[in-house]
> 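Can you read through this structure? Questions will come right after.
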2 protein chains.
Amino acid sequence: MATDSYAHLAYYERLVLQIKTQILQGILLPGDKLPSVREMAKQEQLNPNTVAKAYKQLDQDGITYVEPGRGTFIAEPLTKVSTTAIAAFRPKFEAIVVEAKSLGISVDLLRQWLSEAEGKI
Amino acid sequence: MATDSYAHLAYYERLVLQIKTQILQGILLPGDKLPSVREMAKQEQLNPNTVAKAYKQLDQDGITYVEPGRGTFIAEPLTKVSTTAIAAFRPKFEAIVVEAKSLGISVDLLRQWLSEAEGKI
DNA sequence: ATTAGTGTACTATGTATAATAGTACACATC
DNA sequence: GATGTGTACTATTATACATAGTACACTAAT
């Protein structure tokens, strides 16, 4: 796996995050083919079932699409945002902010991180 | 438990977050005594062991302190921020940003949420 | 001294999830 | 037909969560 900064995540979640990041960074483009489940398993030193779980979630999230017998490909970016997805996501974000503040991290520093992240993705 | 917006968290983690939030909001002040493990368990409809786990984490995080035989009390706010804590926290924050962008949520909206959260805590 | 109320530690059980291993199948391509 | 796809199973191991119950050292009040 790429980094060990995400030890708090399960293997399949790290892989999902890694692929989502590469899409946002333009490394992976719509139509690009992902390595097969078995190939990715070799690359990332994971069990094929673990990779399959990651691919399944990417497919369910609309990040990728599957052409049966051919492989998994990067989908076009989402155009309209799901309001229910936003509503479900916001509490997660607010919880992170509370965690940060409890650690003594200022909101201004979070704003700075946000801008820096914006440059990367 | 207060809200069900945090279904993604374990019971003990929700309780930790709830107490941290109340501290940030000034509802709980340094020196205030938390309900006993058994009392809190009744209030929140939890097993005393689950509450004890939450109290243990709060103590380890320096959020509270224990006076043996007397109870658990809110500690003074952290003055100096642990650099290691920041280093460990940042990947979490960046992962959340990636998740948001993948859902189609703009960084500007995250900035807005940040400012709104700043008003609450 | 006794009693009651603290946090804490321990064992145990049931449930759920994560990650592994192995097998099998329908599909598309060559 | 052979190969490479994703997918669906079963099974095992390990870990985490939440529960239940018991016990102990400590403090405070009676």
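Below, read A as the first sequence line, B as the second, and so on, with proteins coming before strands; counting in each chain starts at 1. The analysis underlying the following values was restricted to heavy atoms, covering all of them including side chains, and did not include hydrogens, waters or symmetry mates.
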> Answer yes or no: is there a donor N or O on one side and an acceptor on the other, between the side chain of N47(A) and the main chain of N49(A), under 3.5 Å?
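Such a contact is found between N47(A) side chain and N49(A) backbone.
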
> Rounded off to whole Å, could you give me the NZ-to-C1' distance for the K56(B) and dA9(C) pair?
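Answer to the nearest Å: 9 Å.
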
> May I ask you to evaluate whether Y12(B) reaches the phosphate of dC17(D), defined as a side-chain N or O under 4.0 Å from OP1 or OP2?
yes

> Look at S36(B) and dG5(C) and indicate whether a side-chain polar atom (N or O) is within less than 4.0 Å of OP1 or OP2.
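Result: no.
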
> Does dA18(C) have its OP1 or OP2 closer than 4.0 Å to a side-chain nitrogen or oxygen of K53(A)?
yes

> Starting the side chain at C-beta, find the nucleotide from dA18(D), dC26(D), dA8(D) nearest to P68(B).
dC26(D)

> Please report the distance, rounded to the nearest Å, between CD1 in I63(A) and C1' in dG6(D).
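It is 18 Å, rounded to the nearest whole Å.
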
> Strictly below 4.0 Å, N to O, side chains only: are K120(B) and E116(B) in salt-bridge contact?
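No.
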
> How many Å lie between CE on M40(B) and P on dT6(C), as a whole number?
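That distance rounds to 12 Å.
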
> For dG6(D), does either OP1 or OP2 sit under 4.0 Å from a side-chain N or O belonging to T72(A)?
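For dG6(D), OP1 or OP2 has a side-chain N or O of T72(A) closer than 4.0 Å.
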
> Measure the distance from CD on Q57(A) to P on dT17(C) and round it to the nearest whole Å.
13 Å

> Measure NZ/K42(A) against C1'/dT5(D) and give the value in whole Å, please.
14 Å

> More 5' along DNA chain C: E13(A) or E39(B), using each one's nearest nucleotide?
E39(B)

> Let me know, please, whether G71(B) or T50(A) comes out on the 5' side of the other along DNA chain C by nearest nucleotide.
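With G71(B) and T50(A) compared, the 5'-side residue is G71(B).
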
> Nearest to the side chain of K33(B), heavy atoms from C-beta on, is which of dT6(C), dA19(C), dA28(C)?
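Minimum distance to the K33(B) side chain belongs to dT6(C).
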
> If we count only N and O atoms by modelled type, under 3.5 Å, do the side chains of R111(B) and S115(A) hold a donor and an acceptor together?
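Yes.
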
> Let me know, please, whether N49(A) or E67(A) comes out on the 5' side of the other along DNA chain D by nearest nucleotide.
E67(A)

> Scan I121(A), D32(A), L29(A), I27(A) and name whichever one has a side chain to side chain contact (heavy atoms under 4.5 Å, CB included) with Q22(A).
I27(A)

> Rounding to an integer number of Å, can you tell me how far Y55(A) OH sits from dA8(D) P?
16 Å

> Roughly how many Å is it from CG in L15(B) to C1' in dG7(C), rounded to a whole number?
15 Å

> OP1 or OP2 of dA21(C) sitting under 4.0 Å from any side-chain N/O of N47(A)?
yes

> To the nearest Å, give me how far apart CG (L34(A)) and P (dT7(D)) are.
11 Å

> Any idea which of dG6(D), dT20(C), dG7(C) is nearest the R38(A) side chain?
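Between dG6(D), dT20(C), dG7(C), the one nearest the side chain of R38(A) would be dG6(D).
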
> Give a yes or no on this: more than 12 heavy atoms of other residues, nucleotides or ligands lie within 6.0 Å of atom NZ of K33(A).
yes

> Compare side-chain N and O positions of R70(B) against OP1 and OP2 of dA28(D) and report whether any pair is under 4.0 Å apart.
yes

